[in-house]
Amino acid sequence: MNDFDFNNKYSEYLKLLDKYVIDMVPETPKLWSVIMDAMKYSLSSGGKRVRPVLTCAFCEALGGNVQDALPFASAIEFMHTYTLIHDDLPCMDNDDFRRGKPSSHKKFGEANALLAGDALLDHSFSCLASSSMRPELIVKALKTLSDNGGINGVIGGQTVDLLGENKKLSPEELILQDSMKTGCLIRCACELGCLAADREDSVLKAVEYGVNLGIAFQIVDDILDFSEGEDSSDIKENKTTYVSAFGLEGAKSEAERYTEKALSDLNEMNLNSDFLKTFTQKLLVRSK
């Protein structure tokens, strides 16, 4: 698949997702519509929608209908966006900007940002429940999202991240942290795509792919943050990153290694998806 075809397919996914995700935000009475506005603000902040795109792409690559994947894809985007809002709060990373725009707590206030994140988390499960898939698949999807977002998933990884401020983590601890904080929602997105296609037989290998892609994704994030110099929140808080642990060239080598492992996982699945292979490669060389 050439770049032109890839870009067209990616644009198709984004067009579908941009509309569907915003439409899934519940309307509220005017009295507390500020929370609805805050939810839509963060959902529309210009991200690459990596996770919901993975859900849609896996569903289609496994013979499913992308329309069946949209509720699952929206759920993962809702949960991911809630984590970003909470990450930016003063009690966490204390970041004033997200993707070049004021972060939620700077625009709507800290309390409203907290509530908007809570609402996105809550409605991620509502998105899943709105699916027309078989009830048993919806239940499995609900458990998958809950497990990956919970104490042994994103929340656990964020806790390790906070404990790592002004403390040097070992490479093993760093990989554990990022396999939870970043990797869990990426592998969850892949698993949800399998479920949306009603292909539970592909879940295990899709999860392996998601684990490797998630670590590669975080390493690239660390490299991009390093390029920000003193403006990077990780540097300000003296956190261990792949750059501080392995050096810049070592981090680049690790990102390439995990990307190759992810591509190998795709090959073993015998998926008919040049899109997923190209997407995996492009995430390695992405910009912010």
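Position 1 is the first residue of the sequence; numbering continues from there.
With a 4.5 Å cut-off on side-chain heavy atoms, F246 and K252 do not count as touching. Considering only heavy atoms from C-beta on, T240 stays 4.5 Å or farther from K167 through its side chain. In this structure, S103 and Y41 have side chains that are not in contact, with every pair of non-hydrogen atoms separated by 4.5 Å or more. Residues L145 and L128 form a side-chain contact, since some pair of their non-hydrogen atoms from C-beta on lies under 4.5 Å apart. Two residues are said to be in side-chain contact when any heavy atoms from C-beta on lie closer than 4.5 Å; C194 and E200 fail this criterion. Side chains of F6 and D274 form no contact here, defined as non-hydrogen atoms less than 4.5 Å apart. Inter-residue side-chain proximity for C56 and L16 is flagged as unmet; no heavy-atom pair is nearer than 4.5 Å. L176 places a side-chain heavy atom less than 4.5 Å from the side chain of S179.
Between the side chain of S146 and the backbone N or O of L142 there is no donor-acceptor pair closer than 3.5 Å. The main-chain N or O of K30 is found under 3.5 Å from a side-chain atom of S33 such that the two form a donor-acceptor pair. Of the possible donor and acceptor atoms, none in the side chain of D161 sits under 3.5 Å from a partner among the backbone N and O of G157. The backbone N or O of R257 lies less than 3.5 Å from no partner atom in the side chain of E260, so there is not a single donor-acceptor pair. S74 places no side-chain N or O within donor-acceptor distance of the main-chain N or O of P71, the cut-off being under 3.5 Å. Checked by atom type and distance alone, the side chain of S42 never pairs as donor or acceptor with a backbone atom of M39 at under 3.5 Å. Judged by distance alone, with hydrogens and angles left aside, the side-chain atoms of T55 form no donor-acceptor pair with the main-chain N or O of A73 at under 3.5 Å. D68 places no side-chain N or O within donor-acceptor distance of the main-chain N or O of A196, the cut-off being under 3.5 Å. Counting only distance, with no hydrogens or angles, the side chain of N65 and the backbone of Q67 share a donor-acceptor pair below 3.5 Å. Of the possible donor and acceptor atoms, none in the side chain of D122 sits under 3.5 Å from a partner among the backbone N and O of D118.
Ionic pairing of R286 and D221 is present here: one or more N-O contacts between side-chain nitrogen and carboxylate oxygen are shorter than 4.0 angstrom. Salt-bridge check for K9 with D5: failed, with every basic side-chain N at 4.0 Å or more from each acidic carboxylate O. Salt bridge annotation for D93-K239: present, with a cationic side-chain nitrogen under 4.0 angstrom from a carboxylate oxygen.
Within a 6.0 Å radius of CG in N152, other residues, nucleotides and ligands contribute 12 heavy atoms or fewer. Counted within 6.0 Å of NZ on K19, heavy atoms from surrounding residues, nucleotides or ligands total 12 or fewer; the atom is thus considered open. In the displayed structure, I22 atom CD1 is contacted under 6.0 Å by more than 12 heavy atoms of other residues, nucleotides or ligands. Around NZ of K107, the count of heavy atoms belonging to other residues, nucleotides or ligands within 6.0 Å does not exceed 12.
A donor-acceptor contact closer than 3.5 angstrom is absent between the side chains of Q218 and Y258. Side chain to side chain, N212 and D265 meet the donor-acceptor criterion of an N or O pair below 3.5 Å. Defined by atom type and a distance below 3.5 Å, a donor-acceptor pair is present between the side-chain atoms of T280 and Y209.
Criterion: ILVMFWY side-chain heavy atoms under 4.5 Å apart, direct or through other members. Under it, L84 and L14 are not part of a common hydrophobic cluster. Cluster annotation: V160 is not connected to V211 through the hydrophobic network of ILVMFWY side chains, with a link wherever side-chain heavy atoms come within less than 4.5 Å. Linking ILVMFWY residues whenever their side-chain heavy atoms come closer than 4.5 Å, directly or via other members, leaves L192 and L204 in distinct clusters. L213 and M180 are assigned to two separate hydrophobic clusters, defined by single-linkage of ILVMFWY side chains at heavy-atom distances under 4.5 Å. Hydrophobic clustering of Ile, Leu, Val, Met, Phe, Trp and Tyr side chains at less than 4.5 Å, counting indirect connections, keeps V34 apart from L89.
Taking CD from E77 and CG from L120, the interatomic distance works out to 9.5 Å, rounded to the nearest 0.5 Å. Rounding to the nearest 0.5 angstrom, the gap separating the NE2 atom in H80 from the CG atom in L43 is 10.0 Å. Distance check, rounded to the nearest 0.5 Å: CG of L283 to OG1 of T259 gives 8.0 Å. Summarising the geometry, atom CG belonging to L276 is positioned 5.5 Å from atom CG belonging to L266; distances are rounded to the nearest 0.5 Å. In this structure, the separation between CZ on R134 and CG on D198 is 4.0 Å, given to the nearest 0.5 Å. Between atom CG of residue D96 and atom CZ of residue R98 there is a gap of 12.0 Å, rounded to the nearest 0.5 Å.
Across all non-hydrogen atoms, the minimal contact from L271 to F58 is CD1-CE2, 3.9 Å. S45 and K101 get closest at one heavy-atom pair: CA-NZ, 3.8 Å. The two residues G210 and C190 make their nearest non-hydrogen contact at CA-SG, 4.2 Å. In terms of heavy atoms, M92 sits closest to H86 at CG-O, 3.1 Å. Minimum heavy-atom separation, I35 to A116: CG2-CA, 3.9 Å. In plain terms, the two heavy atoms of Y82 and G117 that are nearest each other are CB-O, 3.2 Å.
Between F275 and Y13, the distance separating the two ring centers is shorter than 6.0 angstrom.
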After noting the C-alpha distance and the side-chain angles of V53 and F279, does the key distance pass the side chain to side chain contact (heavy atoms under 4.5 Å, CB included) rule? CA-CA 10 Å; V53 165; F279 192 50; 4.0 Å; yes

Show the numbers, then the answer: is there a side chain to side chain contact (heavy atoms under 4.5 Å, CB included) between F226 and L248? CA-CA 9 Å; F226 177 77; L248 182 58; 4.2 Å; yes

Worked verdict on E268 versus K205 for salt bridge (Lys or Arg N to Asp or Glu O under 4.0 Å): CA-CA 8 Å; E268 288 182 34; K205 185 53 70 174; 2.9 Å; yes

Assess the residue pair D18 and R49 against the criterion (salt bridge (Lys or Arg N to Asp or Glu O under 4.0 Å)); give the C-alpha distance rounded to whole Å, side-chain angles, the decisive distance to 0.1 Å, and a yes or no. CA-CA 9 Å; D18 286 346; R49 303 217 190 276; 2.7 Å; yes

Decide side chain to side chain contact (heavy atoms under 4.5 Å, CB included) for W32 and L115; before the verdict, give the C-alpha distance in whole Å, the side-chain angles of both, and the deciding distance to 0.1 Å. CA-CA 11 Å; W32 61 89; L115 290 173; over 6 Å; no

Please evaluate residues M79 and F125 with respect to the criterion side chain to side chain contact (heavy atoms under 4.5 Å, CB included), reporting the C-alpha separation (whole Å), side-chain torsions for both, the decisive distance (0.1 Å), and the verdict. CA-CA 9 Å; M79 180 167 280; F125 296 102; 3.9 Å; yes

